[in-house]
Engineer: 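Submitted below is the structure of interest, expressed as structure tokens.
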Amino acid sequence: MPLALAREKGLVTPVPAPQESPRGPHLAADAESTIAGLVPALYERERVESPRLSDDGFCDSLATIALSSRLSMALVMHSKEQSRHLSQRGLDELGLSVHAAWTVAAANLQRRALTPKGLRFWTRPAVHSLPGCPGVEVRVLGSPISAWLAHPQTFSTLDGHLRRVLRCDRLTYLVPYSARVFVLRAPTAEAARLWAHTSAQVRPAHSPLISAHPLVLSNGFPQELT
């Protein structure tokens, strides 16, 4: 069932144009267009910190940043042919540190969602994907919505938009896998844990778990409520 465009004024969030991406001092000439495909991805921390090799040709450990005790950010390079998880040596070829690449990736997320009127998000009642859930499901133009929780700038932007649309100052996020984010308005701790567990249990079998815990925004980062 397609996501219906919400009628709230806050659906399209006016934002200034994303800043120019930082470039390393030795960025290759042909890498300027390449980094446009760089985006962050949100992962369960154990999944990216266990012996997992990059698929960028180096077979090294992934370039990651820890976001919380259970979540990490990895960097994915998208092209027409494939998507590759990058290692530090892969970033070295682009002349970028992990943190510089993280900033580039966040700016790319915003560009992908940008329309002439602002950033484009879609919301619909969560029951369409999670029967019985009292919250909403949110998606974004151009990228998996979970990626927006993988950088403080994008997570804060998303949270601010949803607080305006939902008219609630305390939101809780459920992120069972990359393509699904559910948002609850000021739930009790018990209800938040119940729906986080339920969303994780009913996710598609082929979709790796991101979090079975409810999440809140804390200083720009996702924080688990246990």
Engineer: Mind checking whether Trp148 and Tyr173 have ring centres under 6.0 Å apart?
Structural biologist: no

Engineer: Can you tell which of Pro176, Pro222, Ser178 makes a side-chain contact (heavy atoms from CB on, under 4.5 Å) with Ile210?
Structural biologist: Ser178

Engineer: Show, in sequence, the C-alpha distance, side-chain angles and deciding distance for His78 and Val39, and conclude whether the side-chain contact (heavy atoms from CB on, under 4.5 Å) test is met.
Structural biologist: CA-CA 8 Å; His78 293 288; Val39 294; 3.3 Å; yes

Engineer: What's the separation between atom CZ in Arg139 and atom OG in Ser129, rounded to the nearest 0.5 Å?
Structural biologist: 6.0 Å

Engineer: According to a hydrophobic-cluster definition based on side-chain heavy atoms being under 4.5 Å apart (Ile, Leu, Val, Met, Phe, Trp, Tyr only), do Leu71 and Trp195 belong together?
Structural biologist: no

Engineer: Consider side-chain contact (heavy atoms from CB on, under 4.5 Å). Of Leu149, Leu215, Leu42, which one does Leu67 pass it with?
Structural biologist: Leu42

Engineer: Can you list the steps and then say if Leu184 with Leu174 is a side-chain contact (heavy atoms from CB on, under 4.5 Å)?
Structural biologist: CA-CA 8 Å; Leu184 305 177; Leu174 316 178; 4.2 Å; yes

Engineer: So, taking the atom named OH in Tyr43 and the one named CG in Leu62, what distance separates them when rounded to the nearest 0.5 Å?
Structural biologist: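 The OH atom of Tyr43 sits 8.0 Å away from the CG atom of Leu62.
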
Engineer: By side chain to side chain donor-acceptor pair (under 3.5 Å), which residues pair with Gln223, not counting sequence neighbours?
Structural biologist: Ser218

Engineer: Can you tell me how far CG of Leu96 sits from CD of Gln88, rounded to the nearest 0.5 angstrom?
Structural biologist: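 Rounded to the nearest 0.5 Å, the CD-CG separation comes to 9.5 Å.
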
Engineer: Applying a strict under-4.5 Å side-chain criterion to I, L, V, M, F, W and Y, I'd like to know whether Val216 and Val175 cluster together.
Structural biologist: no

Engineer: Roughly how far, to the nearest 0.5 Å, is CZ of Arg163 from CG of Leu158?
Structural biologist: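 Spacing of CG (Leu158) from CZ (Arg163) equals 10.5 Å.
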
Engineer: Within a strict 4.5 Å, meaning less than it, do heavy atoms of the Arg193 and Leu225 side chains meet?
Structural biologist: no

Engineer: Between Ser87 and Asp92, is any pair of side-chain heavy atoms under 4.5 Å apart?
Structural biologist: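 Sidechains of Asp92 and Ser87: no contact.
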
Engineer: Report yes if some heavy atom in the side chain of Leu130 is under 4.5 Å from a heavy atom in the side chain of Glu137; otherwise report no.
Structural biologist: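 When only atoms from C-beta onward are counted, Glu137 and Leu130 do not touch, as no gap falls below 4.5 Å.
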
Engineer: Can Leu38 and Val76 be said to form a side-chain contact (heavy atoms from CB on, under 4.5 Å), step by step?
Structural biologist: CA-CA 6 Å; Leu38 184 64; Val76 182; over 6 Å; no

Engineer: Working to the nearest 0.5 Å, report the span between CZ of Arg185 and CG of Leu166.
Structural biologist: 4.5 Å

Engineer: How about His213 and Arg70: do any of their side-chain heavy atoms sit closer than 4.5 Å?
Structural biologist: yes

Engineer: Quick check on the hydrophobic clustering: are Val98 and Leu109 connected, directly or via other members, by side-chain heavy-atom contacts under 4.5 Å?
Structural biologist: yes

Engineer: Would you say Ser68 and Glu224 are linked by a side-chain donor-acceptor pair, where the criterion is simply a distance under 3.5 Å?
Structural biologist: yes

Engineer: Under 4.5 Å between side-chain heavy atoms, hopping through other hydrophobics if needed: is there a path connecting Phe182 to Val138?
Structural biologist: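 Phe182 and Val138: separate clusters.
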
Engineer: How many angstroms lie between atom CD1 of Ile145 and atom OG1 of Thr123, to the nearest 0.5 angstrom?
Structural biologist: 10.5 Å

Engineer: Mind checking whether Leu217 and Ser156 have side chains closer than 4.5 Å, heavy atoms only?
Structural biologist: yes

Engineer: Any side-chain heavy atom of Pro152 sitting closer than 4.5 Å to one from Phe221?
Structural biologist: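 The answer is yes, as the side chains (C-beta and beyond) meet within the 4.5 Å cut-off.
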
Engineer: If only side-chain N and O atoms count, and only distance matters, is there a donor-acceptor pair under 3.5 Å linking Thr64 with Arg45?
Structural biologist: no

Engineer: Would you kindly confirm whether Leu114 and Val165 end up in one hydrophobic cluster when ILVMFWY residues are joined by side chain heavy atoms under 4.5 Å apart?
Structural biologist: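 Per the 4.5 Å side-chain linkage, Leu114 and Val165 are co-clustered.
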
